Asks: 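Below are the structure tokens for one structure; questions will follow.
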Amino acid sequence: MNLSYWEYKTWLSDIDFTIVGSGIVGLNCALQLHKRFPKAKILILEKGFLPQGASTKNAGFACFGSISEVLSDLERHSEEEVVALVEQRWKGIQLLRNNVGDNSMDFQVHGGHELFLNSADELYQKCENRLAKINSLLKSVYGADAFHLGPNTFDFNKVKENYITNIFEGQLDTGKMINALLQLVHQAGIKILNSITVEGFSERVAGVDIKTNLFEFKSKKLLIATNGFAANLINEEVKPARAQVLITEPIQNLAIKGTFHFDEGYYYFRNVGNRILFGGGRNLDFKGEETSQFGCSKQIQGHLKKLLKEVILPNTPHQIDLRWSGIMGVGQQKKPIVKQIANHVYCGVRLGGMGIAIGSAIGKDLADLME
Ligand SMILES: Cc1cc2nc3c(=O)[nH]c(=O)nc-3n(C[C@H](O)[C@H](O)[C@H](O)COP(=O)(O)OP(=O)(O)OC[C@H]3O[C@@H](n4cnc5c(N)ncnc54)[C@H](O)[C@@H]3O)c2cc1C
């Protein structure tokens with residue numbers, strides 16, 4: 001496309017920082033760059049008409065790791081590393097709350113509950129036996145005992161009598177959160193161009209030439225925040241992982257409140273007002289879900305529907321309203337990749353399933369790589 005002199009001059013010249021991706025990482029990165037360099041010209045390029053990865057598709061859990069996840073992490077990491085992981089999520093949520101404000105994203109704390117299927121005897125025993133030890137390990141993060149044993153008050157079916165609850169976990173309205181961040185970015189005078197796909201870049205001595213589906217331009221620095229789509233632009237150890245969810249129609253007198261997970265975190269659900277949002281099942285087809293194509297599979301959606309009826313709402317009539325998917329970025333290691341990859345190019349990717357908790361901090365860390 002031939003752009004006009006005016007278009008180049010107003011939107012695409014003298015760019016100091018170009019960010020690819022307007023998810024939670026890209027938006028927080030832009031805000032931090034603006035804070036540090038108030039006069040800099042910052043541009044965000046986004047391939048979707050809205051952010052189109054995971055940040056507007058997720059379940060909105062403000063979570064820090066269930067007890068079984070903490071125990072599983074302890075098998076592969078030192079105690080210090082596990083405490084650091086949980087602390088990063090905890091501090092990340094506090095940063096998000098400070099930046100966006102609780103009201104703007106409907107942030108609520110009703111606890112995060114881990115349910116154990118009746119068949120998961122061994123896992124349940126292990127978690128119950130180690131409860132006190134894990135509470136004491138994580139006391140430096142939470143300042144109090146986070147995990148508590150509680151009865152199955154919501155009448156879930158086929159699960160153990162008790163849940164293990166992290167009393168500090170919360171939930172938020174994903175759409176409101178991203179909308180609030182977009183507003184902050186606009187207020188800061190940062191430009192976002194939507195429906196623009198960055199197709200490649202090449203370094204020059206003083207900056208980067210950036211090629212998009214519609215035009216080419218120059219920027220002093222390029223910051224890549226494309227998470228599950230990172231492999232299209234850079235060569236880092238991050239793979240796409242699709243996650244599928246559904247949401248019910250409103251359910252009269254729904255008592256369920258809070259965030260819940262079961263089967264070692266492979267399934268998760270929460271109330272959204274008087275609806276249930278339910279997702280997971282990637283473990284049914286890991287290979288098939290290693291894709292950056294949006295879509296819902298019959299196998300996974302069928303299983304979600306079955307578990308919704310049999311475990312979550314066994315005695316409550318319900319209808320499914322919507323089904324959708326989002327694309328996460330995962331790797332062998334849980335740690336995100338935040339680093340400089342060339343003289344003028346940087347990335348902040350591989351957020352896994354915890355991007356709400358850590359996305360604000362990763363965006364800030366990415367911006368703080370600039371000298
Ligand atoms: C169904 C689902 C449920 C989840 N639930 C939770 C949860 O409850 N709690 C939690 O903490 N985390 C959850 N996550 C994970 C969390 O949503 C992600 O970790 C987080 O949103 C990642 O943010 P990001 O900014 O790194 O990536 P994204 O939000 O994916 O942003 C990347 C952006 O880059 C754009 N892009 C990609 N390539 C290009 C290109 N070449 N040119 C231009 N733009 C490009 C994409 O369109 C996208 O908007 C969930 C994820 C999914 C999918």
Side-chain angles (χ1 to χ4, degrees), residues 7-48 50-56 88 91-105 172 174-196 198 201 206-208 210 212 217-227 233 336-349 351 355-371:
E7 288 164 338
Y8 264 115
K9 184 168 163 266
T10 311
W11 284 276
L12 297 171
S13 63
D14 300 322
I15 307 289
D16 294 295
F17 303 109
T18 299
I19 298 166
V20 194
S22 69
I24 187 169
V25 173
L27 296 175
N28 275 288
C29 174
L31 290 170
Q32 175 69 4
L33 285 173
H34 177 70
K35 199 166 158 190
R36 288 189 56 209
F37 310 102
K39 293 197 175 128
K41 201 162 166 186
I42 303 168
L43 175 67
I44 303 178
L45 299 177
E46 166 56 55
K47 72 176 166 62
L50 289 171
Q52 281 300 289
S55 295
T56 52
Q88 186 188 40
K91 285 189 170 159
I93 287 291
Q94 310 317 320
L95 184 64
L96 175 68
R97 294 176 69 184
N98 279 340
N99 288 348
V100 171
D102 288 358
N103 286 341
S104 303
M105 56 182 179
L172 52 83
T174 295
K176 285 186 179 170
M177 174 195 71
I178 288 292
N179 196 34
L181 282 170
L182 285 168
Q183 279 174 12
L184 290 173
V185 163
H186 288 304
Q187 279 159 19
I190 297 164
K191 292 193 172 63
I192 304 184
L193 298 182
N194 284 93
S195 305
I196 302 295
V198 173
F201 60 87
V208 191
I210 299 170
T212 76
F217 71 106
K218 296 179 194 314
S219 176
K220 289 195 185 107
K221 303 279 178 198
L222 175 65
L223 299 96
I224 295 170
T226 56
N227 203 32
L233 291 175
I337 305 171
V338 185
K339 69 176 193 188
Q340 180 164 12
I341 50 179
N343 281 339
H344 305 293
V345 185
Y346 307 77
C347 74
V349 295
L351 282 273
I356 300 297
I358 59 175
S360 307
I362 297 303
K364 178 177 179 297
D365 292 349
L366 176 58
D368 287 345
L369 291 177
M370 301 311 109
E371 279 153 11

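This one's a predicted model, so the numbers in the text were calculated from it and none came from an experiment. Throughout, residue positions are numbered sequentially from 1 according to the sequence presented.
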Asks: Kindly compute the distance separating CG (Leu223) from CD1 (Ile42), expressed to the nearest 0.5 Å.
Replies: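 Result: 9.5 Å between the selected atoms.
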Asks: Looking at OG of Ser360 and CD1 of Ile93, how far apart are the two atoms once the value is rounded to the nearest 0.5 Å?
Replies: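 Answer for the OG-CD1 pair, Ser360 versus Ile93, is 7.0 Å.
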Asks: Find the distance between CG (Asp14) and CZ (Phe217) and round it off to the nearest 0.5 Å.
Replies: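 So the CG of Asp14 and the CZ of Phe217 are separated by 12.0 Å.
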Asks: Using only atom types and a distance under 3.5 Å, with no angle test, would you say the side chain of Ser219 pairs donor to acceptor with the backbone of Val208?
Replies: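 No, the answer is negative, given that no donor and acceptor are paired below the 3.5 Å cut-off.
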Asks: Quick check: does any side chain N or O of Lys41 sit under 3.5 Å from a backbone N or O of Ser13, one acting as donor and the other as acceptor?
Replies: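 Side chain of Lys41 to backbone of Ser13, a donor-acceptor pair under 3.5 Å: yes, one is there.
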Asks: Would you please name every residue forming a ring-ring contact (aromatic ring centres under 6.0 Å, His included) with Phe37, sequence neighbours left out?
Replies: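 If we apply the ring-ring contact (aromatic ring centres under 6.0 Å, His included) test to Phe37, skipping adjacent residues, the hits are Phe17.
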Asks: Keeping the roles fixed (side chain from Arg36, backbone from Met370), state whether a donor-acceptor pair exists under 3.5 Å.
Replies: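 Flag set: sc Arg36 to bb Met370 pair under 3.5 Å.
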Asks: If you compare all heavy atoms of Gln32 against all heavy atoms of Ala367, which two are closest, and at what distance to 0.1 Å?
Replies: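 It is CG-CB, 3.5 Å.
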Asks: Can you find a heavy atom in the side chain of Glu46 that is under 4.5 Å from one in the side chain of Ile196?
Replies: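 SC-SC contact between Glu46 and Ile196 ruled out.
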Asks: To the nearest 0.5 Å, what is the distance between CG on Leu181 and CG on Leu31?
Replies: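 Between Leu181 CG and Leu31 CG, I get 6.5 Å after rounding to 0.5 Å.
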Asks: Tell me whether Asn227 contacts the main-chain N or O of Leu351 through its side chain, where contact means a donor paired with an acceptor under 3.5 Å.
Replies: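 Judged by distance alone, yes, a pair lies under 3.5 Å.
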Asks: Closer than 3.5 angstrom, by distance alone: can the side chain of Ser55 be matched with the main-chain N or O of Ile24 as a donor-acceptor pair?
Replies: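 Pair found, side chain donor or acceptor close to backbone of Ile24.
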Asks: Between Ile19 and Leu33, is the side-chain contact (heavy atoms from CB on, under 4.5 Å) condition met? List the steps.
Replies: CA-CA 10 Å; Ile19 298 166; Leu33 285 173; 4.0 Å; yes
Asks: If we only count heavy atoms from C-beta on, is the Ile224 to Phe201 side-chain gap below 4.5 Å?
Replies: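 A side-chain contact under 4.5 Å exists here.
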Asks: Shortest non-hydrogen contact from Ile190 to His34?
Replies: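 Ile190 and His34 have their closest heavy atoms at CD1-CB, 3.9 Å.
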Asks: Just jot down the side chain to side chain donor-acceptor pair (under 3.5 Å) partners of Lys218, sequence neighbours excluded, or say none.
Replies: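 Checked Lys218 against side chain to side chain donor-acceptor pair (under 3.5 Å); matches are Asp209.
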Asks: What I'd like to find out is whether the side chain of Lys364 reaches to under 4.5 Å of the side chain of Asn28, using heavy atoms alone.
Replies: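 No. Closest side-chain heavy atoms not under 4.5 Å.
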Asks: Please report the closest heavy-atom contact between Val100 and Ala180, naming both atoms and the distance.
Replies: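 What the structure gives for the nearest pair is CG1-CB, 3.7 Å.
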Asks: Measuring from Ile178:CD1 to Ile356:CD1, what's the distance to the nearest 0.5 Å?
Replies: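 These two atoms lie 7.0 Å from each other.
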Asks: To the nearest 0.5 Å, what is the distance between NZ (Lys221) and CD1 (Ile15)?
Replies: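 Lys221 NZ to Ile15 CD1: 15.0 Å, rounded to 0.5 Å.
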Asks: Less than 4.5 Å apart, any side-chain heavy atom of Leu27 and any of Val25?
Replies: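 No, side chains not in contact.
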Asks: Does the pair Asp365 and Leu369 meet the rule for a side-chain contact (heavy atoms from CB on, under 4.5 Å), with working shown?
Replies: CA-CA 6 Å; Asp365 292 349; Leu369 291 177; over 6 Å; no
Asks: Starting from the C-alpha separation in whole Å, work towards a yes-or-no answer on side-chain contact (heavy atoms from CB on, under 4.5 Å) for Ile210 and Thr18.
Replies: CA-CA 9 Å; Ile210 299 170; Thr18 299; 3.8 Å; yes
Asks: Just wondering, do Ile358 and Pro336 contact through their side chains at under 4.5 Å, heavy atoms?
Replies: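 With C-beta onward as the side chain, the pair touches.
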Asks: Is there side-chain contact between Leu95 and Arg97, with at least one heavy-atom pair below 4.5 Å?
Replies: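 In short, these two side chains do not touch, never coming nearer than 4.5 Å.
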Asks: Just wondering, do Trp11 and Leu193 contact through their side chains at under 4.5 Å, heavy atoms?
Replies: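 Touching, per the 4.5 Å side-chain cut-off.
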Asks: Is a side-chain donor or acceptor of Gln340 paired with a backbone partner of Asn343 at a separation under 3.5 angstrom?
Replies: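 Looks like yes, one N/O pair under 3.5 Å.
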Asks: Please find the pair of heavy atoms, one from Pro51 and one from Ser22, that lie closest to each other, and give the distance.
Replies: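 Nearest heavy atoms, Pro51 then Ser22: CG-O, 3.3 Å.
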Asks: Quick one: does Ile341's side chain get under 4.5 Å of Lys339's, heavy atoms only?
Replies: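 Side-chain contact under 4.5 Å: yes.
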Asks: Looking at residues at least two apart in the chain, or sitting in another chain, which of them share a side chain to side chain donor-acceptor pair (under 3.5 Å) with Asn194?
Replies: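 None.
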Asks: Of all the heavy-atom pairs spanning Asn99 and Leu184, show the shortest one and how long it is.
Replies: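 Taking Asn99 first and Leu184 second, the nearest heavy atoms are O-CD1, 3.5 Å.
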Asks: Given side-chain contact (heavy atoms from CB on, under 4.5 Å), test Ile192 with His186 step by step and report yes or no.
Replies: CA-CA 8 Å; Ile192 304 184; His186 288 304; 4.3 Å; yes
Asks: Looking at every non-hydrogen atom in both residues, tell me the closest pair between Asp16 and Ala40 and how far apart they are.
Replies: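 Heavy-atom minimum between the residues: OD2-CA, 3.3 Å.
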